[in-house]
Structures are given as structure tokens and as C-alpha cells.
Amino acid sequence: QRRDEPQTPHCSSKNIRSGCNPRYTDIRCQRFRQGNQMGEESLRKRKGEDSGEEDGQSIQSDEPRKTNLQKQVGLISGICMIVGTIIGSGIFVSPKSVLANTGAVGTCLTIWAACGVLATLGALCFAELGTMITKSGGEYPYLMEAFGPIPAFLFSWTSLLVTKPSSFAIICLSFAEYASAPFYPGCDPPQVVIKCLAAAAIVIITTVNSLSVKLASYLQNLLTATKMIIVIIIIVSGIVLLAQGKTENFEDPFKGSKISISSIGLAFYNGLWAYDGWNQLNYITEELKKPYRNLPLSIIIGIPLVTVCYVLINISYFTVMTSTELLQSQAVAVTFGDRILYPASWIVPLFVAFSTIGSANGTCFTAGRLVYVAGREGHMLKVLSYISVKRLTPAPAIIFYGTVAIIYIIPGDINTLINYFSFAVWIFYGSTILGLIVMRFTKKELKRPIRIPIVIPVLVTIVSILLVLAPIISAPELAYLYCVLFILSGLIVYVLFVHFKFSWPQKISKPITMHLQMLLEVVPAEDVPE
């Protein structure tokens, strides 16, 4: 704000129609009412914080911006974001998928531990990337820096339209099933009830995340603490049973193991799906307090904690059930509760519902930032990169994400779609970590507060390639080809709307952007010049 400008700016709809940024005049009015001195101090403070976090090497838009996402996520919230997003319903409902592919208790537990180690190694690669390129959006800015805009666009194209909103929908459908089950004893809840409850959960989570970063992170902390209660109950019960001598299922633990490339690959594939979410903090790097410290610390604490919990939970299951009984169980944690916690077994589905809603909240919190960053780089509608004036949240991006997720609830069954697209996740994981290796040679000038041994990203890249090829080789289906074709179809969209930038879409989007800007009270984010 220039000192020679009038001290009482005039705000009117005329300014908006003439192209004046309405948020700029609104903020000037607010600062005038609060006092010039207070306004100048707050502006200097904000610019000082932004300049501290800015990565001069990152790609930035030249459009002037007037505010930024605030750093409101600390170490505890970061750990809760990782733990709360990874631990959803999978470990409580269907750990049998790993056992089905391994055939033995010992091999199953080994795979769960190995998946945790692999997730930790992958997260360490992302820790180096996140401290080297301090931009939100997960894989998106890393692919942008390493390989250019096309791979980054293909990632955002696939993630924003399929993988992330459909996963959000699946998590909320799981929540709806467990939340409605007590009201329909002896029978399955009607699909209409499940879908309506899931849609309501999406609306509530989207609203909370649009209103306040602090409120969303506090909710995540609370839900993570809640799910850790049921985790502790299961683990302690298992330890007590082991102390009482319930060890018959652990005698000769590797008997009947299935040792083949395809079976081990599929077991890893299913186990790593339960660990999915280990890269969540990289989506909100710009909102982390002290990211150089808190990002790696959250990873080093959070993912090993999840690994220990997963292994101990599986051990607890095997103290109560044989391998055959576990494979036949529809919901393993519920079966465990019925046998051990009766008559208080009702707490298991209740806490599983809390666990799923916590995972959904973490997914929404982080994925909304991907929409925001893609809009900021011009790969999505520009309005999706705008920030709420009052709330300082990427409200349009979060609302867009929630809307797409609700659309995925409408079909009867989208689990098959998720299974076919899930291998695409590891295509982009592998590409991103390959980008880390490439940037060791092409971006030597970038500051690296964390520098991991080169053997770690090489190993994770090789495993990523194997995980992509394993389901195709073991059970080839046309659906995988359709998935690849969908990813590549993003090239057509990129050429038409991003590279050539046809004028007619801009003519349509400009009035929409203006009205949404006034309706949602959102503005372009502030950019500090280099």
C-alpha cells in the first residue's frame, strides 16, 4: 500500500465491473478502520513471513496477489494429519487381503512391517522434496520442477477428477455404513440411507475445511486421538491374550506360505494401500510452521508409529482368530470385538466410524490444496486458486473437491473403479521420486536442508515400477488399458486449454469467476516479488 494513496478508499460495484480487484479495496477499507499504523505493521509482518517461506527457484505466476495461506499447522497437528489419514477403515475391516496373498501368519506380519519400511523410505524422499521445494500440492510442484508442466498436469488431471475425490467418496461411504449399522440390526442399511449419510459427511467436512484451517486441524487432532483409543484397546487386548498363552496360531508361522513374485507383489500392493497417505503433509507445506523441522519430524514419528500399530493389531487379531477364520470374516475388527469385548463390542463399529471420518477429513484438508495449486499454475480454473478474504482458506478449491466427491457417490459401486485406478497412484509416486534423482543432477543450485542417500530414491523407484507392473502381469485386464488411456487423454485437454489457451473458454470463465469471487468473497493469493 503506497503512502501517497487516499486514506479513505471508495469501494463500489463499479470498481468490480471496471476490473478493479474488489478484495484490494475491501482490505484497504478494513485497514483504514483498524488504523493506518496497525495496518502497516500487519502488512509488513505478513510480507516478512511470506518472504521467509518463499522458494525463489519455484515456478510462480506473475499475477499480483494480496494474501496467502497462513502457517497454522504445527508438529502435533502434522503427526495427527499423517496418522489420522493413513489409519482409516482398512486395518479394522479388511487386513485379510494381505493374508490371502501370503497364506501364512509369519509372512503376513513380515509384509505389513516391510510395507511400513517402504512407506517410511518413500516419505523420506518426499521430506527432501518438501524442504527443497516449499510449495503445497504434493507431487504436483515436484513434477513441475523436475519434468515440466505436462507430467504435472497429467497428475492433477488424474488426481482431481478420479483418484482423490473417488477415494474421499469411498471413505465417506464406509463411514456411512458403520454409522447407520446400529439402526438396522440384523440387516444391511438401505443404499439410499448410506448414500445420503455419506453425502452429508462430505458436505460437513467440506464446510469445516472451508471455514477454518485451525478448526479442521483441531478436528483432525481430536479424531486421531479417538481412533488411537480403539487401536490401543485392540493392541492391549492382544498383549493380554498373548500373556495368557494364546499363541497357538503363531506356532510354525511360515507354514503354507505362498512365495512367488505375483503373490508377494499383490500382498505388498494391498498392504501399501493401507499405508496410503504417508505423503499428506507435502500437500500443505505452505501451511506448516517451521517446515524444515516439522515436515521430517512428523514423518519420522508418524509413519513408524503407524507401522508398529499395524503389526501389533494384526498380532492381536491372530490371537483370537485362525488364518481361516480371519479370511472368512467380513469385518475383522468387529469379529475381534464380538469375541473379546462383549457385551461392549458395540464400541468397535462406533470407533471405526470415527476413524473413517478422521481419514476423510485429512484427505479433504490436503487434497483441496492440490486443486488450489493447480489453479494457481493455470492448470485449472483460476478461481480455484483464490483464497477466502475472511477465512484465509482455499475455499473454492475445497468446495470443488467436495462437489466432485458427491458425484462419485451417485453410482451404485465405484470400488471396482478405485481398484483399477489405484495402480496409477504408484505411477505418479514413482515418477515423483524419479524426479528427485533427476534434480540431484539438473537442479544442483536448489537448497537441500535434508539430503537422503541416493540409494533410497533408487530403491523406491524400482519398487514403484514393480508395483505398477504386478497387477497387470498377474491379472491383465482391459480396465488397466482404459486407465492409461484416461491419463493420456489429459494431453488433449492440456494442448487445447493450457498450451494454446483458446479465447472462448476464457470469455465463458471470466463472468463466472467474477460472480463466484463476489459470492464466496475470495481473491487471488498474494505473491511476494523475488
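In this text, all values refer to a predicted model and were calculated from it rather than measured experimentally.
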Between Phe336 and Val332, does a side chain to side chain contact (heavy atoms under 4.5 Å, CB included) hold up when you go through it step by step?
CA-CA 6 Å; Phe336 181 88; Val332 179; 5.5 Å; no
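- Not a single donor-acceptor pair under 3.5 Å links the side chain of Lys71 to the backbone N or O of Lys289.
- A donor-acceptor contact shorter than 3.5 Å is absent between the side chain of Lys246 and the backbone of Val320.
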For Thr131 and Lys447, run side chain to side chain contact (heavy atoms under 4.5 Å, CB included): C-alpha distance rounded to whole Å, both residues' side-chain angles, the deciding distance at 0.1 Å, then the answer.
CA-CA 8 Å; Thr131 53; Lys447 180 182 177 183; over 6 Å; no
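- If you check the side chains of Gln280 and Thr366, you find a donor sitting under 3.5 Å from an acceptor.
- For the side-chain contact (heavy atoms from CB on, under 4.5 Å) criterion with Ser237, the lone passing option out of Ile233, Ile239, Val240 is Ile233.
- Inter-residue side-chain proximity for Val193 and Tyr184 is flagged as met; some heavy-atom pair is nearer than 4.5 Å.
- Side-chain atoms of Trp157 come within 3.5 Å of backbone N or O of Phe486 as a donor-acceptor pair.
- Residues Pro165 and Ser159 approach most closely at CD-O, 3.1 Å, considering heavy atoms.
- The nearest pair of heavy atoms linking Cys125 to Pro457 is SG-CA, 3.7 Å.
- Using a 4.5 Å cut-off on side-chain heavy atoms (C-beta onward), Ile398 and Phe365 make no contact.
- In this structure, the separation between CD1 on Ile133 and OH on Tyr140 is 13.0 Å, given to the nearest 0.5 Å.
- Paired with Trp112 under the rule side-chain contact (heavy atoms from CB on, under 4.5 Å), one option of Ile313, Ile315, Ile91, Thr307 passes, and it is Ile91.
- Residue pairs meeting the salt bridge (charged side-chain N to carboxylate O under 4.0 Å, His left out) criterion with at least one member in residues 312-331, sequence neighbours excluded, are Glu325-Arg339.
- No donor-acceptor distance shorter than 3.5 angstrom exists from the side chain of Arg440 to the backbone of Leu436, with no hydrogens or angles considered.
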Can Thr110 and Phe254 be said to form a side chain to side chain contact (heavy atoms under 4.5 Å, CB included), step by step?
CA-CA 10 Å; Thr110 303; Phe254 293 94; 4.0 Å; yes
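- Side-chain contact between Leu242 and Phe250 is present, with heavy atoms from C-beta onward closer than 4.5 Å.
- Without hydrogens or angle criteria, Thr356 side chain to Ala353 main chain gives a donor-acceptor distance under 3.5 Å.
- Residues Pro189 and Ile194 share a closest heavy-atom pair of O-CD1, 3.8 Å.
- Without hydrogens or angle criteria, Asn282 side chain to Phe126 main chain gives a donor-acceptor distance under 3.5 Å.
- By the 4.5 Å heavy-atom criterion applied to side chains, Tyr317 and Ile234 are counted as neighbours.
- Separating the CG atom in Leu281 from the OG atom in Ser298 is a distance of 5.0 Å, to the nearest 0.5 Å.
- The minimum heavy-atom distance between Asn221 and Ser77, with the atom names listed, is ND2-OG, 3.2 Å.
- The residue from Glu286, Glu287, Glu139 that alone fulfils the salt bridge (Lys or Arg N to Asp or Glu O under 4.0 Å) condition with Arg369 is Glu287.
- Between the side chain of Ser260 and the backbone N or O of Ser263, at least one donor-acceptor pair lies under 3.5 Å.
- Residues Ser257 and Thr107 bring a donor and an acceptor atom of their side chains to less than 3.5 Å of each other.
- Residues Thr319 and Asn249 bring no donor and acceptor atom of their side chains to less than 3.5 Å of each other.
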Please step through side chain to side chain contact (heavy atoms under 4.5 Å, CB included) for the pair Leu99 and Phe318, ending with a clear verdict.
CA-CA 11 Å; Leu99 178 62; Phe318 285 120; 4.0 Å; yes
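- For the atom pair OG1 (Thr226) and CD1 (Ile230), the distance works out to 11.0 Å, reported to the nearest 0.5 Å.
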Starting from the C-alpha separation in whole Å, work towards a yes-or-no answer on salt bridge (charged side-chain N to carboxylate O under 4.0 Å, His left out) for Lys443 and Glu145.
CA-CA 9 Å; Lys443 301 277 186 179; Glu145 291 287 341; 3.7 Å; yes
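- Phe354 CZ: 12 or fewer foreign heavy atoms inside a 6.0 Å radius.
- Across all their heavy atoms, Val404 and Leu160 have their closest contact at CG1-O, 4.1 Å.
- Remark: Leu121 CG to Ile303 CD1 distance equals 9.5 Å, nearest 0.5 Å.
- Ring pair Trp426/Tyr429: centre-to-centre distance below 6.0 Å.
- In terms of modelled atom types and a separation under 3.5 Å, the side chain of Asn101 and the main chain of Ser97 share a donor-acceptor contact.
- Without hydrogens or angle criteria, Ser212 side chain to Lys214 main chain gives a donor-acceptor distance under 3.5 Å.
- Aromatic rings from Phe428 and Phe155 are positioned such that their centres are separated by under 6.0 Å.
- The structure places CG of Leu488 at 9.0 Å from OG1 of Thr158, a figure rounded to the nearest 0.5 Å.
- Here the options are Tyr283, Phe168, Tyr408, Tyr372, the test is ring pair (Phe, Tyr, Trp, His ring centres under 6.0 Å), and the partner is Tyr401; only Phe168 passes.
- Under the 4.5 Å side-chain criterion, counting only non-hydrogen atoms from C-beta, Arg448 is in contact with Met439.
- Contact annotation: the side chain of Lys258 never approaches that of Thr102 to less than 4.5 Å [non-hydrogen atoms, C-beta and beyond].
- Heavy-atom minimum distance, Ala360 versus Ile205: CB-CD1, 3.6 Å.
- Proximity of the aromatic rings of Tyr310 and Tyr275 is defined here by a centroid distance below 6.0 angstrom, and this criterion is met.
- Val231 is listed as a side-chain neighbour of Phe92, based on a closest heavy-atom distance under 4.5 Å.
- Tyr292 is listed as a side-chain neighbour of Thr134, based on a closest heavy-atom distance under 4.5 Å.
- Once rounded to the nearest 0.5 Å, the distance linking CD1 of Ile462 with CG of Leu459 reads 6.5 Å.
- Lys227 places a side-chain N or O within 3.5 Å of a backbone atom of Ile87 that can act as its donor or acceptor partner.
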